[in-house]
Amino acid sequence: MNTRNNRHLTPNAQVLRREMTREERLLWYGFLRGLPITVNRQKVIGQYIVDFYCAAARLVIELDGSQHYDTAGRSEEHTSELQSPDHLV
């Protein structure tokens, strides 16, 4: 996977941070925001914007939903491209 961040996705990530889905808000405000380690919302990694990312644990958290994938099988492709020795999805 290309580990360079696509700077053109940053404005999209900012919009997604402001307009989180109900499930993302529940996870963020109910759990992740209060952790003693940093968890980023809508983080640009390579050519993707992931829902949540914890650099300390190298952990990518993706919530499945129709807003993410417009074709069948795209979820598996997305996960396999993000999965690497450096990231756990």
Side-chain angles (χ1 to χ4, degrees):
M1 179 181 87
N2 180 3
T3 57
R4 294 193 56 180
N5 293 341
N6 183 340
R7 63 184 171 87
H8 300 292
L9 291 176
T10 301
N12 293 349
Q14 291 169 338
V15 169
L16 291 171
R17 278 184 220 121
R18 288 190 301 269
E19 300 175 4
M20 287 191 292
T21 65
R22 178 181 177 273
E23 293 75 16
E24 290 168 346
R25 282 193 308 274
L26 286 171
L27 183 58
W28 176 249
Y29 290 109
F31 181 69
L32 295 175
R33 186 173 79 158
L35 292 176
I37 57 175
T38 300
V39 177
N40 300 107
R41 297 179 293 148
Q42 307 303 336
K43 173 76 173 161
V44 177
I45 298 179
Q47 62 179 353
Y48 297 103
I49 301 172
V50 300
D51 293 333
F52 301 99
Y53 179 66
C54 176
R58 295 183 183 156
L59 176 67
V60 172
I61 301 172
E62 277 290 289
L63 303 179
D64 283 339
S66 61
Q67 74 278 10
H68 291 290
Y69 313 110
D70 51 7
T71 58
R74 187 89 190 258
S75 178
E76 292 81 16
E77 173 187 325
H78 180 87
T79 300
S80 67
E81 288 187 27
L82 282 170
Q83 188 80 34
S84 72
D86 294 333
H87 297 112
L88 175 63
V89 179

Hphob cluster co-occupancy, Phe52 + Tyr29, side-chain heavy atoms under 4.5 angstrom: yes
Interatomic distance, Leu26 atom CG to Leu32 atom CG [nearest 0.5 angstrom]: 11.0 Å
Taking every non-hydrogen atom, the tightest pair across Arg58 and Tyr53: CA-OH, 4.1 Å
Gap between atom CG of Leu27 and atom CG of Asp51 - 0.5 Å precision: 9.0 Å
Gap separating the CG atom of Leu63 from the CH2 atom of Trp28, nearest 0.5 angstrom: 12.5 Å
Within-4.5 Å side-chain heavy-atom neighbours: Tyr48 and Leu9: no
Audit row: Arg41, Arg33, side-chain contact (heavy atoms from CB on, under 4.5 Å) steps and yes/no: CA-CA 9 Å; Arg41 297 179 293 148; Arg33 186 173 79 158; over 6 Å; no
CD on Gln14 to CD on Glu19, rounded to 0.5 Å: 12.0 Å
Least distance between heavy atoms, Arg17 atom then Gln42 atom: NH2-O, 3.4 Å
Nearest heavy-atom neighbours spanning Ile49 and Ala13: CD1-N, 3.7 Å
